[in-house]
Amino acid sequence: MVMIETPDRMPLPRAFFDRPVLEVAPELLGRVLVARTPAGTVELLLTEVEAYDGETDPGSHAFRGPTARNAVMFGPPGHAYVYFTYGMWHCMNVVCGPEGRASGVLLRAGRVTRGEETARKRRVSARKDTELAKGPARLATALGIDRTLDGVDLCSGPQSPLSLLAGAPASADLVRSGPRTGVGGGGAHQPWRFWVDGDPTVSPYRAHAPRKRRS
DNA sequence: GTACAGATCGTCT
DNA sequence: GACGATCTGTACC
């Protein structure tokens, strides 16, 4: 089947991402992320995101300045920042704001709209389709995202392994926001999290609990 | 439904 | 050497 490239399937322009992260984050809901890998193409409609600002948020990977890992966050907007965590998982951010301002949006959950078979092979433990990308590490797993995609330009066309399509933004009356907990600093009361109300693919909220030490 | 422990390793202190 | 922008299975209500 031939996919016709209609305007809603054009990548979002770089200018979209070159704005304050708290403006960009809610407008990412409803957009479509395309992951093109050798195993197949998977598309996902974003239903939950979380904003991070390296200058005000101690929870941001960029808060303590640039390192080899977070270098992409300090680069131009519209690129993917992919990191590895807990020894097992990958998570993906979209770099926002002007170059030098290390802010980004963590993609927390979405609904797979194309390539479900490929996603299912990667997410064997998912019992329902709504669990394929419910949570940031599950989302990255379902799409086959790893560190090799760190720094990929999301604004370029079908030749790129990752694209973020204009799609249709989620209806504003369905967008909800809320603060993260356990975060101090200047932006503690900012609404960092955004999600589509009532969507079954939104990951349940859990306050961050410090891990107990191993014996 | 909620609560907890264990997995597992890159990154930073 | 400590811990993490997490997930999963098991236990229990």
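In the text below, chain A, chain B and the rest are named by the order of the sequence lines, each starting its count at 1.
Taking 4.5 Å as the limit, some side-chain heavy atom of E50(A) sits within range of a side-chain heavy atom of Y52(A). Side-chain contact between L107(A) and V94(A) is present, with heavy atoms from C-beta onward closer than 4.5 Å.
dG10(B) atom C1' lies 11 Å from atom OH of Y81(A), rounded to whole Å. Residue H90(A) contributes atom NE2, which lies 15 Å from atom P of dT6(C) at whole-angstrom precision. Rounded to an integer number of Å, the gap from Y86(A) OH to dA5(B) P is 15 Å. Distance CZ (R122(A)) to C1' (dC7(C)): 18 Å, rounded to an integer number of Å. Rounded to whole angstrom, the span from the CE atom of M92(A) across to the P atom of dT6(C) amounts to 16 Å. Between the P atom of dA5(B) and the CE atom of M88(A) lies a distance of 16 Å, rounded to the nearest Å. Going from atom CG of D150(A) over to atom P of dG10(B) covers 15 Å, rounded to whole Å. Distance, F63(A) CZ to dC3(C) P: 19 Å, rounded to whole Å.
Atom CD of Q159(A) has more than 12 neighbouring heavy atoms from other residues, nucleotides or ligands inside a 6.0 Å radius.
Side-chain contact check for T37(A) and R122(A): at least one donor-acceptor pair (N or O, by modelled atom type) lies under 3.5 Å. Side-chain contact check for S163(A) and R36(A): at least one donor-acceptor pair (N or O, by modelled atom type) lies under 3.5 Å. In summary, the side chains of T201(A) and T130(A) do not present any donor paired with an acceptor at a separation below 3.5 Å, with no hydrogens or angles considered.
Residue side chain Y83(A) fails the stacking definition with respect to dA5(C), as its ring centre and the base's six-membered ring centre are not both under 5.5 angstrom apart and under 30 degrees in plane angle. By the 5.5 Å and 30° criteria, W89(A) is not stacked with the base of dT6(C).
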When you compare the protein's N or O atoms with those of nucleotides 11-13 of chain B, which come within less than 3.5 Å of each other, and at what distance?
residue	atom	partner	partner atom	Å
dC12(B)	OP1	T67(A)	OG1	2.3

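Residues satisfying the salt bridge (charged side-chain N to carboxylate O under 4.0 Å, His left out) test with R111(A), not counting sequence neighbours, are D199(A).
Counting any heavy atom pair closer than 4.0 Å across all strands shown, R123(A) reaches sugar-phosphate atoms only and no base atom.
In this structure, R19(A) satisfies the cation-pi test against F16(A), with its NZ or CZ atom closer than 6.0 Å to the six-membered ring centre and inside 45 degrees of the ring normal.
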What pattern of brackets, bars and dots sums up DNA chain B from 5' to 3', given Watson-Crick or G-U wobble pairs under 3.5 Å, [ ] for crossing pairs and | for another strand?
|||||||.||||.
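The distance between the ring centers of H90(A) and Y83(A) does not fall below 6.0 angstrom.
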